[in-house]
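Notes follow once the structure below has been shown.
Just so we're clear, the structure is a prediction, and the values are computed from it rather than from any experiment.
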Amino acid sequence: MLSQFSGACLRLLAAFGATAMLLVWAAMAAAPQQSPSNSVTKRVGGSTFTLQLPERGIRIGAANELVLTIVPASQPSIPTTIASVSVLLSMPAMPGMTMSQPTVAAGSSGEYHVSVGFPHAGAYELSIVVKLQDGGPLRASFPLNLAASDTNTAPGMMMSYVAGVSEMQQASGTSWQPALTPMYGAHKMVGKWMVMTHYNVSVNYDQQTGPRGDYQYNSTNWFMMMGDRSVGRDDLQLRTMLSLEPLTVTPRGYPLLFQSGEQYDGKPIVDRQHPHDLFMELASRYTHPIASDSAIFAYAAPSGEPALGPTAFMHRLSAFDMPMAPITHHWMDSTHIDFGVLTVGAWKRSVQVESSYFTGREPGQNRYEIGPIHMDSYSGRLSYNPSSNWSTQVSYGYLHSPEALTPGQDIRRTTASASYVLPERQGGWWAVTVGIGNNSIENTNSTAALIETELNIAQRNSVFARYEYVNKLGEELAIAPAEQGFGIGELTLGYVREITPNRPFQTGIGAAVTLYTHPSSLSALYGSSPMGFWLFVRIRPAPMRM
């Protein structure tokens with residue numbers, strides 16, 4: 001009864017949120033466009049900073065002359081109270097990036113002329129420090145989000161910006177993430193193509209305790225390459241993402257208590273996470289801008305991800321160093337590998353709407369092939385990024401016969417999630433994701449909730465945590481009664497130390513422990529206090545440098 005009520009509330013909330021956001025979208029589309037003001041004012045502790053932008057707007061790849069006016073709180077006589085003014089330009093999402101710094105020259109009437117160049121589009125921060133003759137320093141920061149266009153794209157620019165949305169905001173499949181999410185990878189121009197490579201390899205020792213526990217030495221990994229180029233005003237992107245887990249993880253997967261989903265040799269996979277397929281993604285995406293802040297797009301993939309759920313866990317910054325999958329995977333983002341996906345969508349400013357038509361059946365145990373394509377399922381997703389730090393989504397999907405062992409069962413899945421990213425000045429970041437998912441199978445509902453977070457300290461130390469609660473049916477745990485629900489909780493805590501600083505790649509040594517909770521009726525099967533332990537070495541690219 002409780003799971004049915006929570007599922008109904010979740011679907012009602014998703015429907016309300018989708019309707020409200022569509023109305024916001026319509027209102028923004030119908031609203032007249034006004035010219036933005038070319039001055040920004042900030043007040044810090046009673047002092048006033050006014051930044052006057054050029055009349056023609058900021059140009060990328062050229063010198064821009066900005067006028068700065070400062071009125072300290074203590075005295076209005078600016079020339080006699082200000083000893084010096086310095087300005088620093090940075091990109092919070094890429095703290096290690098080097099760029100030419102602004103120059104400052106004093107003008108008349110207390111004005112200061114700032115000459116600054118922006119190498120490419122992106123989210124910048126202009127930090128101003130004023131030293132007073134008779135007091136402490138004053139500080140103010142101005143965020144500047146620059147979008148590329150036909151008139152302001154710098155030659156050789158290494159960041160793709162299409163209709164106001166950067167590649168930093170694009171995540172797995174067609175999902176969105178916060179625009180300030182740092183990118184770990186390498187870029188290279190090959191003719192007219194911008195080629196990006198990403199990878200993540202974790203070599204692990206995995207120990208799960210209790211009667212259903214096991215241990216395994218394995219490697220969880222993925223390798224990704226994307227090619228991006230302009231086609232007139234449009235944008236074409238080709239993607240391939242591969243995993244060697246069919247070779248580095250046993251066919252039934254690695255031990256993970258209370259995990260469920262898919263099958264091997266005609267038996268359900270329980271208490272293990274299945275390996276990913278060799279072809280995780282083979283996809284193309286074509287985007288057509290219709291204004292400076294809006295576009296329509298199409299995504300087609302023999303192997304890809306439909307518009308359903310949050311960004312897949314391997315790509316979420318909040319789960320960046322976690323070598324294990326969440327046990328709520330099959331309530332939120334398990335469709336990140338589907339054989340046959342077609343998605344169409346559109347965005348305007350901070351809102352994106354998508355719809356997908358795809359194959360509902362999950363991959364089979366042959367992990368080296370692209371499975372049969374039967375377009376029989378559908379989904380829709382509404383994403384909203386209220387600021388550069390946030391990304392939210394609600395989605396609904398109908399999955400036809402996803403499990404091979406229960407071909408008569410269809411799933412109706414509803415998800416909602418929010419992600420937050422805060423870059424740190426020292427080069428690290430803090431990321432959080434919260435999510436909820438509901439699976440409805442015939443007259444049975446089960447709900448899962450997740451919160452995960454990671455704090456990266458100056459690209460040297462990382463701590464992470466994940467808490468999940470899921471109502472799993474006896475059928476999913478291969479126990480009777482099949483229709484009974486069992487409330488399962490898990491808490492994972494971990495730490496990673498980077499040992500190869502200032503290299504094109506990052507190598508980290510880490511450890512994690514997982515604590516599980518379950519009803520006492522499962523103690524005979526799992527023990528009273530089952531746990532999981534992980535030791536791992538992880539390698540990935542360093543944060544992207546321009």
Any sub-3.5 Å donor-acceptor pair from [X]'s side-chain atoms to [Y]'s backbone N or O?
{"X": "Asp376", "Y": "Gly360", "value": "yes"}
{"X": "Asp410", "Y": "Ser401", "value": "yes"}
{"X": "Ser379", "Y": "Ala307", "value": "yes"}
{"X": "Asp333", "Y": "Phe313", "value": "yes"}
{"X": "Lys192", "Y": "Ser230", "value": "no"}
{"X": "Arg538", "Y": "Gln506", "value": "yes"}
{"X": "Arg413", "Y": "His330", "value": "yes"}
{"X": "Ser395", "Y": "Gly309", "value": "yes"}
{"X": "Asn389", "Y": "Val421", "value": "yes"}

Legend entry - Reference residue His315; test ring pair (Phe, Tyr, Trp, His ring centres under 6.0 Å); the match among Trp176, Phe320, Trp222, Tyr184: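 Output: one option passes, namely Trp222.
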Inset, instruction - Can you label the angle between the Trp390 ring and the Tyr420 ring as parallel, tilted or perpendicular, going by 30° and 60°? - result: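 Ring orientation, 0 to 90° scale: tilted.
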What are the two closest heavy atoms between [X] and [Y], and how far apart are they?
{"X": "Pro143", "Y": "Lys42", "result": "CD-NZ, 4.0 Å"}
{"X": "Ala312", "Y": "Ser172", "result": "N-OG, 3.0 Å"}
{"X": "Ser377", "Y": "Tyr357", "result": "O-CD1, 3.2 Å"}
{"X": "Thr41", "Y": "Arg43", "result": "CG2-NH1, 4.1 Å"}
{"X": "Leu317", "Y": "Pro182", "result": "CD2-CD, 3.6 Å"}

Inset, instruction - Output the distance between atom CH2 (Trp347) and atom OG (Ser383), rounded to the nearest 0.5 Å. - result: 11.5 Å
Legend entry - Straight-line distance of Glu305 CD to Ser356 OG, nearest 0.5 Å: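 These two atoms lie 9.0 Å from each other.
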Legend entry - Aromatic ring proximity Phe49/Phe142, centre distance under 6.0 Å: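 Not close enough - the centres of the two rings lie 6.0 Å or further apart.
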